[in-house]
Protein chains: 2
Amino acid sequence: MTAKQPRLEIEYCTQCRWLLRAGWTAQELLTTFTAELGEVALVPGTGGVFDVRLGGETLWSRQEQGGFPELAALKQLVRDRIAPDRDLGHSDRHRKPSDG
Amino acid sequence: MTAKQPRLEIEYCTQCRWLLRAGWTAQELLTTFTAELGEVALVPGTGGVFDVRLGGETLWSRQEQGGFPELAALKQLVRDRIAPDRDLGHSDRHRKPSDG
């Protein structure tokens, strides 16, 4: 049984009880990128980990970046990689640097 | 980025809007088998699919079995394969054939 591509992976700390947060993030991403994501994997971890990886690339690492990813920003990171032409709606337009 | 083992996979029909059902099932299994499961992958599919696979084995196929898996029964199928000594609590004892 091989992973479907593109594969997004959310590794979360079970000791910190971040399953619901990881599950929510997974469902949000799958709602937005229904046709573009091959799968989202929830990976139990320990030691305060909350990492989001897409293919081989780490999009978010709690240890490196501190805290949790803001969902709109996370969707933009995913969008830029697997659906670059996708408009993410109001929050996306609001955040475009070109608006500044 | 390789899948973590043992890998459980839930393929759900996006057209049927079964993401929330799949997400709930994933979180239930990860709550019960926190230390035993390597990962649970949510896999978007089409055509009325709702399949649960563990390693190479199909534990539940909506097309073959009809309907959705009853969660207590699904946990027993998973338990028997990755945590055979685990007592699943009241519902498990209630359902043991030896009780009959």
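Per chain, numbering begins at 1; letters A, B, ... match sequence-line order.
- For B/Glu9 (side chain) and B/Arg53 (main-chain N/O), no donor-acceptor pair under 3.5 Å exists by modelled atom type.
- When each of B/Pro44, B/Ala26, B/Gly56, B/Gly45 is checked for heavy-atom pairs under 4.5 Å with chain A, B/Pro44 comes out on top.
- Using modelled atom types, one side-chain atom of B/Arg86 and one backbone atom of B/Thr32 make a donor-acceptor pair closer than 3.5 Å.
- For B/Leu20, the parts sitting under 4.5 Å from any heavy atom of chain A are the backbone and the side chain alike.
- Most heavy-atom pairs under 4.5 Å with chain A, from the set B/Ala35, B/Gly23, B/Gly55: that is B/Gly55.
- With a 4.5 angstrom heavy-atom cutoff, B/Tyr12 touches chain A only via side-chain atoms.
- Aromatic ring centres of B/Trp18 and B/Phe68 lie closer together than 6.0 Å.
- Panel note: side chain B/Gln15, backbone B/Gly47; a donor-acceptor pair is recorded below 3.5 Å.
- Electrostatic pairing of B/Lys4 and A/Glu11 does not count as a salt bridge here, judged by no charged N lying under 4.0 Å from a carboxylate O.
- With a threshold of 4.5 angstrom between heavy atoms, B/Thr31 approaches chain A through its backbone and through its side chain.
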